[in-house]
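Just so we're clear, the structure is a prediction, and the values are computed from it rather than from any experiment. Here is how names work: the chains are called A, B, and so on, in the same order as the sequence lines, proteins then strands, and each is numbered from 1.
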2 protein chains.
Amino acid sequence: MTSDGVKDGETPRRSRRGSGAVTLHDVARIAGVAPITASRAVNTPTQVSAEVLRKVSDAIARTGYVPNRTAGALASARSRLIAAVVPTIAGSVFLASVQALTETLAASGYQLMLGQSGYDPQREDALLEAIIGRRPDGIVLTGILHTPEGRRRLVAAGIPVVETWDLTPTPIDMLVGFSHVDVGRRVAEHLHGRGRRRLAIVSGDDERARRREDAFASAAQALGLPEVRHVIVPAPTTLRSGRAALSELLQAGADVDAVFCSSDMLALGVITEAQSRGLAVPEALAVIGFGDLEFAADLHPALSTVRINGAEIGRQAARFIVERAEGRPVESRIVDIGFSIAERESV
Amino acid sequence: MTSDGVKDGETPRRSRRGSGAVTLHDVARIAGVAPITASRAVNTPTQVSAEVLRKVSDAIARTGYVPNRTAGALASARSRLIAAVVPTIAGSVFLASVQALTETLAASGYQLMLGQSGYDPQREDALLEAIIGRRPDGIVLTGILHTPEGRRRLVAAGIPVVETWDLTPTPIDMLVGFSHVDVGRRVAEHLHGRGRRRLAIVSGDDERARRREDAFASAAQALGLPEVRHVIVPAPTTLRSGRAALSELLQAGADVDAVFCSSDMLALGVITEAQSRGLAVPEALAVIGFGDLEFAADLHPALSTVRINGAEIGRQAARFIVERAEGRPVESRIVDIGFSIAERESV
DNA sequence: GTGAAAGCGCTAACAA
DNA sequence: TTGTTAGCGCTTTCAC
């Protein structure tokens with residue numbers, strides 16, 4: 001008798017459904033070993049004899065067997081699935097993080113499930129429920145802001161969580177980010193140091209950008225500069241909204257000599273609008289962006305911007321998650337990856 | 001006795017692991033119904049009495065139960081998971097498709113697993129194996145080119161497949177795309193119609209772009225134009241490679257009055273380089289892009305480009321997949337969503 | 001409308 | 001090194 005109660009050599013009757021796909025049982029039967037042995041040959045080949053390994057490999061090659069990870073996940077309580085939540089992937093500064101995350105995880109045998117919250121806390125909650133239902137081995141979040149409900153759920157689920165792109169002394173679990181307050185302050189100081197006095201800020205309507213904005217304004221005030229002009233544009237930010245923002249500023253008769261934009265795309269919009277009006281950048285107007293996207297360094301004029309190592313955020317988040325999933329303790333749970341100001345031609 | 005052999009009201013002993021999470025059994029026990037009844041209350045509420053529904057809902061609220069979709073997927077052979085493969089998400093023209101896909105699927109209760117093949121057939125194959133192992137209810141592919149091995153695997157797995165962003169008479173399964181050959185031809189005709197005679201093409205090194213390129217060159221020849229100048233840049237394309245490409249063209253002494261770029265970012269690069277050299281666009285040089293990304297219409301000059309409705313590709317792909325997953329037959333398996341030429345200032 | 005039984009495909013625990 | 005047993009948490013089948 002074989003282990004599943006089927007007489008030797010007979011075709012097993014599947015009393016229910018069965019997708020018809022090749023299963024580990026089929027492979028084991030063909031290889032002439034027990035299912036668990038075939039499982040070991042697949043997952044921990046060092047634990048089986050060369051003889052068994054050969055027979056099982058042959059059987060797999062002959063049948064085209066692809067392990068059913070869903071079943072494996074259920075049995076082992078390890079899904080090898082990681083979820084990531086971003087506000088949006090459209091033209092976003094988070095792409096480098098997601099890309100690095102995907103690649104680093106793939107290298108360790110994990111896959112990514114991507115969700116978009118659309119800057120909407122309610123959708124984020126719904127998404128969280130859907131994600132938790134999949135029992136991923138980890139969740140990577142963009143930002144630290146969650147509804148109390150979402151936070152509670154996440155803690156209750158007991159799934160490792162990495163929050164990113166921000167800093168807080170009280171993360172849910174692990175954290176990889178930088179200080180938006182520091183960014184705002186440093187940019188104000190940078191512009192001041194370059195002789196700019198009449199500052200403006202064009203900012204997307206999202207929480208982190210608002211925090212940079214506030215810090216920027218406070219720092220300007222502390223430096224004795226006139227009040228900062230603000231233009232808020234909807235998130236996600238676009239080239240178009242950058243153009244519109246500069247128009248608005250100019251039409252309001254604002255006397256500005258430098259603009260801090262909450263994204264590089266917005267900055268490109270401001271530069272584009274300036275150029276179309278014959279306003280020289282940086283002579284008449286300095287422009288500084290945020291993100292240091294691929295194109296920033298190659299614009300004409302080259303865009304000064306706040307450089308965030310988004311890829312490193314993704315990589316570090318992946319490392320955190322994998323460490324945890326493999327059961328290794330994570331020594332430091334909070335990593336401040338910092339930022340720098342890429343000084344180029346537009347300031 | 002309850003159905004799982006545990007005496008009424010007693011704590012079930014879990015002989016093996018058990019994540020400790022609340023299960024449907026727990027909910028059922030608290031609600032005083034059988035597990036299957038609780039399952040029905042959750043999944044097909046119309047099939048249970050109001051009384052049962054209330055008791056089960058209460059129990060769920062009290063326990064914070066989140067259904068384990070992994071177990072559900074295994075039992076029902078429906079994962080409600082869809083996989084998508086893109087070459088890369090970095091600054092890509094596919095983002096609109098992925099975004100629309102995610103949203104449309106989410107609205108029907110499906111989630112997206114995202115994989116990046118990095119324009120590498122081998123990685124695509126590895127990815128495919130990882131994906132098939134998850135037994136998704138559908139797979140959305142970018143492009144139609146797969147290794148024979150990958151194609152074989154996909155067919156063997158019996159999972160609904162939608163190929164996108166291209167056209168072929170022999171899709172693996174379903175298809176949403178447009179003709180790259182037509183694009184190349186139409187752009188050549190468009191430039192010719194606008195009085196341009198000395199054409200060049202700057203193209204990313206990927207298969208679809210090459211096909212547009214070839215069709216563009218052939219059409220130019222058919223129109224009696226001088227031979228088209230080609231510059232091939234690595235994929236993914238960037239602003240930088242666009243600038244470099246125009247420099248190369250100019251340094252080679254090429255006498256060109258129009259450039260067709262295989263992406264809008266590339267086109268922005270060409271425009272940027274032209275501007276930095278004092279070369280007027282469109283007067284001295286016409287530039288046309290591909291993709292009609294968000295920023296294209298708002299550049300200065302506004303970028304003429306090939307408009308692809310990427311979001312619609314994503315939505316249609318989602319519809320295909322969901323129809324199939326719900327067991328409804330898909331009437332037409334091939335959709336040509338076409339394209340148009342957005343005529344703006346750069347030509 | 002509700003429930004008992006069986007099992008999806010795999011692996012942890014324990015035994016030999 | 002290999003195998004037996006017993007599930008992981010859910011849903012299908014079939015019966016009432």
Can you check the [X] [atom1] to [N] [atom2] distance for me, whole Å?
{"X": "A:Leu24", "N": "C:dT11", "atom1": "CG", "atom2": "P", "value": "6 Å"}
{"X": "A:Arg29", "N": "D:dG3", "atom1": "CZ", "atom2": "P", "value": "15 Å"}
{"X": "A:Arg134", "N": "D:dG9", "atom1": "CZ", "atom2": "P", "value": "17 Å"}
{"X": "B:Arg135", "N": "C:dC8", "atom1": "CZ", "atom2": "P", "value": "14 Å"}
{"X": "A:Ile132", "N": "D:dG9", "atom1": "CD1", "atom2": "C1'", "value": "17 Å"}
{"X": "A:Asn68", "N": "D:dC8", "atom1": "CG", "atom2": "P", "value": "18 Å"}
{"X": "B:His25", "N": "C:dA6", "atom1": "NE2", "atom2": "C1'", "value": "12 Å"}
{"X": "A:Arg78", "N": "C:dT11", "atom1": "CZ", "atom2": "P", "value": "12 Å"}

Sidechain N-carboxylate O distance under 4.0 Å for A:Asp26, A:Arg29: yes
Less than 4.0 angstrom from a charged side-chain N to a carboxylate O is my criterion; do B:Arg319 and B:Glu323 meet it? no
Heavy-atom nearest nucleotide on DNA chain D taken for A:Val33 and for B:Arg69; more 5' hit belongs to A:Val33
Look at the side chain of B:Ala34 and decide which nucleotide, out of C:dG3, C:dG7, D:dT2, has an atom nearest to it. C:dG3
From C:dT2, C:dC10, D:dT11, nucleotide with atom closest to B:Ala75 side chain: D:dT11
Between [atom1] of [X] and [atom2] of [Y], what distance do you get to the nearest 0.5 Å?
{"X": "A:Met113", "Y": "B:Gln111", "atom1": "CE", "atom2": "CD", "result": "4.0 Å"}
{"X": "B:Glu312", "Y": "B:Thr104", "atom1": "CD", "atom2": "OG1", "result": "8.5 Å"}
{"X": "A:Leu101", "Y": "B:Gln116", "atom1": "CG", "atom2": "CD", "result": "10.0 Å"}

DNA chain C-proximal residues of residues 36-47 of chain B, any heavy atom under 4.0 Å: B:Ile36, B:Thr37, B:Arg40, B:Gln47
Any side-chain donor-acceptor pair under 3.5 Å between A:Glu124 and A:Thr147? no
Counting only side-chain N and O atoms of A:Ser76, is one of them less than 4.0 Å from OP1 or OP2 of D:dC8? no
Any side-chain N or O of A:Ser49 less than 4.0 Å from the OP1 or OP2 oxygen of D:dT2? yes
Tell me, please, which residues at least two apart from B:Arg62 pass side chain to side chain donor-acceptor pair (under 3.5 Å). none
